[in-house]
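The sequence lines fix the lettering, A, B, ..., with proteins before strands; numbering per chain opens at 1.
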Amino acid sequence: MSAAAGTPAEGGGDRPWQSYHTAYTNAKAGMEGVDKEKVQKVIYEMSKGSKYFENEQRKEALTKQKIEYLRAQCATLTDNDISHFQKVAEKKMLELEASRDLSKIWLHTDMDAFYAAVETLEDPSLKGKPLAVGSMSMIATASYEARKFGVRAAMPGFIGCKLCPGLVFVRPNFERYTHYSELTRKVFQRYDPNFIATSLDEAYLNITNVCIERGITGEEVATELRAAIHQETGLTCSAGVAPNRMIAKVCSDINKPNGQFILPNDREAVLTFVSTLPIRKIGGIGKVTEQMLRQVLGISTCQEMLQKAAFLCALFSEGSADFFLSVGLGLGGTETPEQRQRKSISCERTFTATSDSSLLFDKLANLAENLTDDLQKEGLKGKTLTLKLKTADFEVRTRAVTTRGYINSKEDILIYATKLLKAEMPLSLRLMGLRMSQLHDEKDDSSTSTQKTLDIFFRSSGNDLNVNGANVQSSTNTSGQDISPISVTTKDEYLVHDAGTSASTDQQDFFVHDESIFIPEQRNLVSYSNEAVLSNPVIDDALGEAKLDDVTPSAKVMNAEKFDDVCQLTSHEATASSSKPGQQLWIDDYVCSICGFELPPGFEEERQEHSDFHLAESLQHEETVDSKRPISNERLAERSCSTTPTPKKKLKSSKEGKHIPIDAFFAKCNKNL
DNA sequence: GCGGATCAC
DNA sequence: GATGGTGATCCGC
């Protein structure tokens, strides 16, 4: 069998660069004439020995282990097993086949080297030059001229320089890209008001209706639409037309740049199309999946998914197997999906690696502030806070905590985040990030405003989201306001909002290209977390361990709470606000005068931490008032594919036969692999 | 619910 | 000298 069909001597030998699988293994348009071996060697030489490189090696080793594991699994399959899974697979394939829908016509558009093209449009002196949009650390988009040298998106700039000594760098200008993106969307809108924008430079359009109403073909729509885009933006794009989105996306890449490819709505055409299509072309199959499928089952084309269907069902989860089989059948995405609401919101920054805890806590405070801004801009609160860390040697860790109530204030976020970070110290980091999930739209709050806890509690106690009584609990944030309990939002309310059509889900890629993060002179105060703001922090703090669970109120506390407790808590909260930074003292030797947090005299260390927190808080406040932070936090979207240096060039009608024959295309792909 | 990983852009 | 940021999802525990 073709198990172990991968490249046998990949482990190294006298050409170690061949086994260094970079993140950009997917062949991109504009890279055809490139001496891949040479480029690969340069990348290898420049990376070798770095922390980054070592981490990549570590990850590769893990992938290898996975592959070995799957091979071993494979080897244990008996004939009986195989025939069993063959039946399973055949049944599944029949089901999938029955779902085939050839009645829709989808069009995928992709701007050609979007950022580079925009920059060239704005500054014609760049025309014809090898251009990289990005920084020495990271290239977002490379112009066509640069691609000839092997320079491409996701490559660090310094490697780009080595590959292409004359490489010109331009800082990303996010506003520009957004502007041009909006122009393209105005065009999309005319062809499909429900178009799906997947990034600034890509979108899916269901053109079925346009074709029917105007009695024209998908090809004609594509030609017209691309001409309109060019007319209205001065930029070129490529398009793919097919019966579903999965295939349309692949098609838009075939005659890139400034081209289009149309696959007819015909089952045989689709099956022929996928028969030689490399799996890596499919969205969702990345570097690792490709390696696994190839090295475990010898699969490299979509059609081979069907030949190995039994093994796919035996080795992978049902979801994965279904996906793989769909790929083999050329199925995927014929209905316009409901507009998805965001599930998380996050913020992360890379910086010069440091183990200085005061620096790290500063950065954490900045992140908390940024996250808060973003949350509040969107009117969101969240329940789960995740701290992301990347160590100086590129190891990534995440640590999460789920709070009882929804939070979005900087203070609340910082308290939980600090706790999470403290538990990991000491360590040297090059990145930190904060993510909020389990979101809740504040606008969905049906209740009026403050002091609604009990009301909500009673009203919601019968609704189906409120399965777990222990969750129904309000807590207090630093400003003494209620944190809405989970039960505020009913299932219905969740579903109500949106129904929007503008499809402006900008999940574009941004990145910081200037790492000068403002670092105030530091004291280590912020590093002392406290849980004063928790509704019942005494017990948590008394446990005093740096355990994450501590942040979440322990079950024994929560489970014991009944209506009485809620009443008590609420009234307690009513007296617990007021805030006078810098003048904190312990009322009755017991209660914090600022936030009402109760801490008995025995807990001196905790008290010190608590006092420090308020001090830090007030100092932080001063800082934010008088410092304009020079965060050149420009956000940079991602790449598209290739650019045309002459955007004014007349679009060629697809009728003029600009298409590369399908076989030639795949031959090209295979060469690129 | 958490944490690691993968993927897209 | 130097390898990003945002968001989603899946899987195993």
Contacts of A/Ile282 and A/Val396 projected onto DNA chain B by closest heavy atom; the upstream (5') one is A/Val396

At less than 4.0 Å, is any side-chain N or O atom of A/Lys249 found next to OP1 or OP2 of B/dC9? Yes or no.
yes

So which one's nearest nucleotide on DNA chain C is more toward 5', A/Ser320 or A/Leu431?
A/Leu431

Does the A/Lys287 side chain pair with the main chain of A/His21, one donor and one acceptor, at a distance under 3.5 Å?
yes

A/Lys48 or A/Lys388: which one's nearest nucleotide on DNA chain C is closer to the 5' end?
A/Lys48

Does A/Arg399 place a side-chain N or O at less than 4.0 Å from the phosphate oxygens OP1/OP2 of B/dG1?
no

Please report the distance, rounded to the nearest Å, between OH in A/Tyr177 and P in B/dC9.
19 Å

I need the NZ-C1' distance between A/Lys51 and C/dA2, as an integer number of Å.
13 Å

Can you check the A/Asp110 CG to B/dC9 C1' distance for me, whole Å?
10 Å

Which whole-number value in Å describes the distance from A/Ile285 CD1 to B/dC9 P?
13 Å

Give a yes/no answer on whether the side chain of A/Lys66 brings an N or O atom under 4.0 Å of OP1 or OP2 in B/dT6.
yes

Per A/Leu62 side chain, nearest of listed nucleotides C/dG7, B/dA5, B/dT6:
B/dA5

Are A/Thr402 and B/dC2 close enough that a side-chain N or O sits under 4.0 Å from OP1 or OP2?
yes

A/Phe114/A/Tyr180 aromatic ring centres below 6.0 Å
no

Distance, rounded to the nearest Å, where A/Leu70 contributes CG and C/dC11 contributes P
13 Å

Taking only the side-chain heavy atoms of A/Thr350 (C-beta and beyond), determine which of B/dT6, C/dA2, C/dG5 contains the nearest atom.
C/dG5

Salt bridge or not between A/Arg342 and A/Glu378? Use side-chain N to carboxylate O under 4.0 Å.
yes

Look at the side-chain N and O atoms of A/Thr289 and state whether any lies under 4.0 Å from the OP1 or OP2 oxygen of B/dC7.
yes

Classify A/Ile159 by what it touches in the nucleic acid, base, sugar-phosphate, or nothing, heavy-atom distance under 4.0 Å.
base

So, OP1 or OP2 of C/dG7: does either fall under 4.0 Å of a side-chain N or O from A/Ser344?
no

Checking contacts here: which listed nucleotide (C/dA8, C/dC11, B/dG1) is nearest the side-chain heavy atoms of A/Arg340?
C/dA8

For the side chain of A/Tyr177 and the backbone of A/Asn173, is there at least one donor-acceptor N/O pair under 3.5 Å apart?
yes

Should A/Lys343 be listed as having a side-chain N or O under 4.0 Å from OP1 or OP2 of C/dT9?
yes

Can you measure A/Arg404 atom CZ to B/dG1 atom C1' for me and round it to whole angstrom units?
16 Å

Comparing A/Gly283 with A/Arg397, nearest DNA chain B nucleotide closer to 5' gives the residue A/Arg397

Quick one: is A/Arg342 getting a side-chain N or O under 4.0 Å of the C/dT9 phosphate, OP1 or OP2?
no

Kindly point out which of C/dC10, B/dC2, B/dG4 is positioned nearest to the side chain of A/Ser317?
C/dC10

Any side-chain N or O of A/Lys390 less than 4.0 Å from the OP1 or OP2 oxygen of C/dG4?
yes

Hey, what's the ring geometry for A/Tyr204 with A/Trp106, parallel, tilted or perpendicular (30° and 60° as the breaks)?
perpendicular

So which nucleotide from B/dG1, B/dT6, C/dC11 ends up closest to the side chain of A/Gln438?
B/dG1

Nearest whole angstrom, please: distance from the P of C/dC10 to the CG of A/Asp322.
12 Å

Distance check needed: B/dG4 C1' versus A/Gln65 CD, whole Å only.
14 Å

Please name the pair of heavy atoms, one in A/Ala368 and one in A/Ile413, separated by the smallest distance, quoted to 0.1 Å.
CB-CG2, 3.8 Å

Aromatic plane relationship, A/Phe316 with A/Phe324 - under 30° parallel, 30 to 60° tilted, over 60° perpendicular:
perpendicular

